[in-house]
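To start, the structure under review is shown below, and the notes come after it.
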Amino acid sequence: MRSRRSLLRTGGLAAVGTLGGLVALPSPPEATPMDQTAEAAALPDAVAGWTDDRITRETETPIARYQYRATAADPDRTDRETFVATSPINVVLLPNAETDAAGLESVLQVLEAEGWLRDPDEYTRYAWDRTEGRFVRQQATAAESYFGASGRFHVRCWSFEGTVSMQVHEDSAARPKHDVISYDRGREPIAAAFDAAGWDVSPSAIDLDNDQSDHDGLATVITEAP
C-alpha cells in the first residue's frame, strides 16, 4: 500500500502537471516514517532558563511565539496594531551555526533529505524580532509538495539570535478551501526527521502559552548534536 507521504507527493506532482509543467520536481528520497517515535533527550543548557515558567511575551526570549498576518497591503512593520496572530510556533530548533542564515540552512537540509521542497506555494506571514523591534517575513519555508493538492505538512521558519522558531502544521487539500487541519500532527514528522538525522529531540519542553486548536501551547525543542 502506498504511504500517505507518497500520495501527498504524487498529488503535488499532479498539480504541477496540470499547470503546464512549469516546475520540474525531483523524485524525493525515501522518507523517515511519520509515526517513528523520537526518544526524548535532555534539554540543553541554552534553554534552561526558558523552561521554568510560561513564556507570555515575545521580548522574553528569541523565540517567536506566533506567526502573524498583516492587515494592510503595505504594513508598518514596527506597528504591532497592524498584525494579527494566526498560528502558534510549536517547534524550537537550536542549530550549531555561527549565523542565523547558516542555522536556517542546516534546518532546511534535514527537510530536503526527507524529500521536502523549499519555497512552496504559500501565504506571506511574519514573526516579531525583538532585537530589530519589527515584524519579519518568513525566512525559510518547506513543505511536502509545492501546492498541497492533496494536503501536506508545511513549515515556516525564522531565526533570531541563533534560535530557529518553526511553525509547522498539516494543511488540508488546496481545494475547495485551503485550511490548517492540525498543528499537533505536524510536529510528528518534524521530530522523526530530525531524530533520524542525529539531532536531539525534547518533546513538549517549552510552554509558549499559545494553545490553539489541537496545539497544547508546548513547543518541542530540537537541538543539533555537537
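Side-chain atoms are counted along with the backbone in the values below, which use heavy atoms only and exclude waters and symmetry mates. Please read all numbers here as calculations on a predicted model, not as lab measurements.
For A140 against L104, the heavy-atom pair with the smallest separation is CB-CD2, 4.0 Å. Across every non-hydrogen atom of V136 and Q139, the tightest pair is CG1-NE2, 3.7 Å. Heavy-atom minimum distance, L117 versus E144: CD1-O, 4.2 Å.
For the side-chain hydrogen bond (donor to acceptor under 3.5 Å, both in side chains) criterion with T141, the lone passing option out of R156, H154, E122, R118 is E122. Just one of D211, V168, N90 meets the side chain to side chain contact (heavy atoms under 4.5 Å, CB included) condition when paired with Y183; it is N90. For the ring pair (Phe, Tyr, Trp, His ring centres under 6.0 Å) with F135, the lone residue among W158, Y126, F83, Y66 that qualifies is F83.
Of the inter-residue distances, the one linking Y123 atom OH with S87 atom OG reads 11.5 Å to the nearest 0.5 angstrom. For the atom pair NE2 of H169 and CZ of R187, the computed distance is 14.0 Å after rounding to the nearest 0.5 Å. Rounding to the nearest 0.5 Å gives a distance of 6.5 Å between CG of D184 and CG of D216. Between the CG atom in L43 and the OG atom in S202 there is a gap of 4.5 Å [rounded to 0.5 Å]. Separation of atoms CZ (R54) and CG (D207) is listed at 5.0 Å; rounding is to 0.5 Å. Between the CG atom in D79 and the OG1 atom in T82 there is a gap of 4.5 Å [rounded to 0.5 Å].
In R57, the CZ atom is not crowded: 12 or fewer heavy atoms of neighbouring residues, nucleotides or ligands sit closer than 6.0 Å. In this structure, D45 places its CG atom where only 12 or fewer heavy-atom neighbours from other residues, nucleotides or ligands lie under 6.0 Å away. When the shell of 6.0 Å around CG of D74 is examined, it contains 12 or fewer heavy atoms from other residues, nucleotides or ligands.
Formation of a donor-acceptor pair under 3.5 Å by the Q167 side chain with backbone atoms of P88 is found in this model. Under the 3.5 Å distance criterion, the side-chain polar atoms of D179 are left unmatched by any main-chain donor or acceptor of D171. At least one donor-acceptor pair closer than 3.5 Å links the side chain of S165 to the backbone N or O of A64.
Comment: E161 engages R130 in a salt bridge, judged by a side-chain N to carboxylate O separation of less than 4.0 angstrom. A salt bridge is defined here as a Lys NZ or Arg NE, NH1 or NH2 lying under 4.0 Å from an Asp or Glu carboxylate O, and R65 with E60 fails to meet this definition.
Inter-residue side-chain proximity for V164 and V92 is flagged as unmet; no heavy-atom pair is nearer than 4.5 Å. Between F194 and P189, every side-chain heavy-atom pair lies at or beyond the 4.5 Å cut-off. You'll find the side chain of P120 reaches within 4.5 Å of the side chain of R152, heavy atoms only. I55 places a side-chain heavy atom less than 4.5 Å from the side chain of I206. Between V155 and I190 the shortest side-chain heavy-atom distance falls below 4.5 Å. Side-chain atoms of T61 and T163, non-hydrogen and from C-beta on, never get closer than 4.5 Å to each other. A heavy-atom distance below 4.5 Å is not found between the side chains of M166 and Q67.
Follow the hydrophobic side-chain contacts under 4.5 Å out from I222 and you reach L111 in the same cluster. V91 and W199 fall within a single hydrophobic cluster, where Ile, Leu, Val, Met, Phe, Trp and Tyr are joined by side-chain heavy atoms under 4.5 Å apart, directly or via other members. There is no path of hydrophobic side-chain contacts, each under 4.5 Å, that joins V221 to V201. L208 and V47 end up in the same hydrophobic cluster when Ile, Leu, Val, Met, Phe, Trp and Tyr side chains are linked at under 4.5 Å.
No side-chain donor-acceptor contact under 3.5 Å links T124 and Q138. A side-chain donor-acceptor contact under 3.5 Å links S182 and D214.
Annotation: cation-pi pair R134/W128 absent, no NZ/CZ under 6.0 Å from the ring centroid and within 45° of its normal.
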Could you go through residues 93-101 and list every donor-acceptor pair under 3.5 Å that involves a side-chain atom there, pairing it with any protein atom two or more places apart or in another chain?
residue, atom, partner, partner atom, Å
N96, ND2, E224, O, 3.2
N96, ND2, A225, O, 2.9
T99, OG1, A102, N, 3.1
D100, OD1, S159, OG, 2.8
D100, OD1, G162, N, 2.8

Stepwise, does the side chain to side chain contact (heavy atoms under 4.5 Å, CB included) test hold for E170 with V180?
CA-CA 6 Å; E170 182 180 7; V180 173; over 6 Å; no
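For the side-chain contact (heavy atoms from CB on, under 4.5 Å) test, no residue two or more places apart in sequence or in another chain qualifies with R175.
Taking the six-membered ring where the residue is Trp, W116 and F153 present parallel rings, their angle staying beneath 30° rather than reaching 60°.
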